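First comes the structure, then the notes that go with it.
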Amino acid sequence: MAIRGDTQYQSEVLEDLSDAANYRRWLSDLVRPYLGDDPIEVGAGLGLHARDWLEHTARLTVAEGDEERLARLRAEFAGDPGVRVRHLLLPAAETGEHSSVVALNVLEHITEDVAALRSMAALLRPGGATVLIVPAFQSAMSAFDHRVGHVRRYTLQSLAASLSGAGLHIEQLRYVNPMGLLAWYVLCRGLGRFPSNGAVLRTYDRLVVPLVRRADRHRAPFGQSVFAVARRTAADRTP
């Protein structure tokens, strides 16, 4: 997989959204029940989600395809015996026995998304989970999406088709953060703004995200992102 988009800018975005701590923890907590004892996060970025998960799993692998971010991950987790840092680009011809493969806002960067999902499945032990968060609705595609290298945005139907095409068995598939999608349409699509740290982001993260998170138990018909859990069953062979 060629890393799509301006990779330096992608790293800057990861840094520049660091004020959204409540939102980051929300996503980390959505994933946490599915980690198991030996998860791998692909496209781990700066390792912020991995830090949230360390106390909840016996060991953790963080993988990156961008060399600059990979070096930062190695520095971040140097000396931590429970964390393995490795280079990985998807699709890849590798197999593994991980309890889960986690990809948060990664799949939308990959042209061959079904092939990438097959590669994720190949990294799992039987019964292991692929856990995804991807941006929702092609109509929300903005200049920011293009700048960071998004190939597409998903609906429940399109992500289900990709997961099924990769031979994964869907356990959960739903939208999250409906307020975030409405804000995205106004700020990113309507006004052409790019997400960044600042008073607006901090206020939204502090006041709105906790409310939206509490309401998340009621399944929304739309959202800023799609959350998915799909498994490789015990009967499946490695793709």
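All figures in this text were calculated on a predicted structure; none of them were measured in a lab.
- Here the CG atom belonging to L89 is positioned 9.0 Å from the CG atom belonging to D66, to the nearest 0.5 angstrom.
- Side chain of S99 to backbone of L35: a donor-acceptor contact under 3.5 angstrom is found.
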Assess whether side chain to side chain contact (heavy atoms under 4.5 Å, CB included) is satisfied between D52 and V31, documenting all intermediate values.
CA-CA 10 Å; D52 291 338; V31 171; over 6 Å; no
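- Using a 4.5 Å cut-off on side-chain heavy atoms (C-beta onward), V209 and R25 make no contact.
- In terms of modelled atom types and a separation under 3.5 Å, the side chain of E41 and the main chain of V62 share no donor-acceptor contact.
- Taking 4.0 Å as the cut-off between side-chain N and carboxylate O, R72 and E68 count as a salt-bridged pair.
- Ionic pairing of R32 and D29 is present here: one or more N-O contacts between side-chain nitrogen and carboxylate oxygen are shorter than 4.0 angstrom.
- Annotation: the span from L46 atom CG to R51 atom CZ amounts to 12.0 Å, rounded to 0.5 Å.
- The two residues L173 and A160 make their nearest non-hydrogen contact at CD2-CB, 3.7 Å.
- Distance CZ/R69 to CD/E76: 15.0 Å, rounded to 0.5 Å.
- When all heavy atoms are compared, the tightest approach of S100 to P39 is OG-CB, 3.1 Å.
- R231 places a side-chain N or O within donor-acceptor distance of the main-chain N or O of G127, the cut-off being under 3.5 Å.
- Using a 4.0 Å cut-off between charged nitrogen and carboxylate oxygen, R125 and D37 count as a salt-bridge pair.
- No path of Ile, Leu, Val, Met, Phe, Trp and Tyr side chains, each step under 4.5 Å between heavy atoms, connects L159 with M141, placing them in separate hydrophobic clusters.
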Check the pair D145, R153 against side chain to side chain contact (heavy atoms under 4.5 Å, CB included), reporting the backbone distance first and the verdict last.
CA-CA 9 Å; D145 290 274; R153 298 173 71 96; 2.7 Å; yes
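- Two residues are said to be in side-chain contact when any heavy atoms from C-beta on lie closer than 4.5 Å; L88 and L123 meet this criterion.
- The aromatic rings of W26 and Y23 stand perpendicular to each other, their planes meeting at an angle above 60°, with 30° marking the opposite boundary.
- R152 CZ: more than 12 foreign heavy atoms inside a 6.0 Å radius.
- Taking CZ of R232 as the start and CG of L124 as the end, the distance is 7.0 Å to the nearest 0.5 Å.
- Not less than 6.0 angstrom separates the ring centroid of Y175 from the ring centroid of F222.
- A continuous path of hydrophobic side-chain contacts links V208 to L181 [ILVMFWY only; heavy atoms under 4.5 Å].
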Show, in sequence, the C-alpha distance, side-chain angles and deciding distance for D38 and R84, and conclude whether the salt bridge (charged side-chain N to carboxylate O under 4.0 Å, His left out) test is met.
CA-CA 10 Å; D38 186 14; R84 178 191 178 201; over 6 Å; no
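- Hydrophobic clustering (ILVMFWY, side-chain heavy atoms < 4.5 Å, transitive): V176 and L182 are in one cluster.
- Annotation: side chain of L132 is in contact with side chain of L163 (closest heavy-atom distance under 4.5 Å).
- Nearest heavy-atom pair across E64 and A44 is OE2-N, 3.6 Å.
- The heavy-atom pair separating A230 from L168 by the smallest distance is CB-CB, 3.8 Å.
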Begin with the C-alpha distance, continue with both residues' side-chain angles, and end with the deciding distance and a verdict on side chain to side chain contact (heavy atoms under 4.5 Å, CB included) for L107 and M120.
CA-CA 11 Å; L107 193 65; M120 292 182 202; 4.2 Å; yes
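- Side-chain contact of Y34 with Q172: a donor-acceptor pair under 3.5 Å is present, judged by distance alone.
- To the nearest 0.5 Å, atom CG of residue L117 and atom OG1 of residue T130 are 7.0 Å apart.
- Side chain of Y154 to backbone of E108: no donor-acceptor contact under 3.5 angstrom is found.
- Side-chain atoms of F77 and L54, non-hydrogen and from C-beta on, do get closer than 4.5 Å to each other.
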Give the C-alpha distance, both sets of side-chain angles, the deciding distance and a yes or no for side chain to side chain contact (heavy atoms under 4.5 Å, CB included) between I133 and S225.
CA-CA 6 Å; I133 291 173; S225 302; 3.8 Å; yes
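- Each of V186 and F137 belongs to its own hydrophobic cluster when Ile, Leu, Val, Met, Phe, Trp and Tyr are linked at side-chain heavy-atom distances under 4.5 angstrom.
- A donor-acceptor pair is defined here as one N or O able to donate and one able to accept, closer than 3.5 Å; such a pair exists between the side chain of R189 and the backbone of S139.
- Heavy atoms from other residues, nucleotides or ligands lying under 6.0 Å from CD of E112 number 12 at most.
- The minimum heavy-atom distance linking A103 with V42 is given by the pair CB-CG2, 3.6 Å.
- Remark: the backbone N or O of P91 is not paired with any side-chain donor or acceptor of S119 at under 3.5 angstrom.
- Residues L27 and L156 are members of one and the same hydrophobic cluster, defined by side-chain heavy-atom contacts under 4.5 angstrom among Ile, Leu, Val, Met, Phe, Trp and Tyr.
- Here the NE2 atom belonging to H150 is positioned 6.5 Å from the CG atom belonging to N105, to the nearest 0.5 angstrom.
- Inter-residue side-chain proximity for P178 and Q224 is flagged as unmet; no heavy-atom pair is nearer than 4.5 Å.
- Nearest heavy-atom pair, S142 versus W184, reported as atom, atom and distance to 0.1 Å: OG-CZ2, 3.7 Å.
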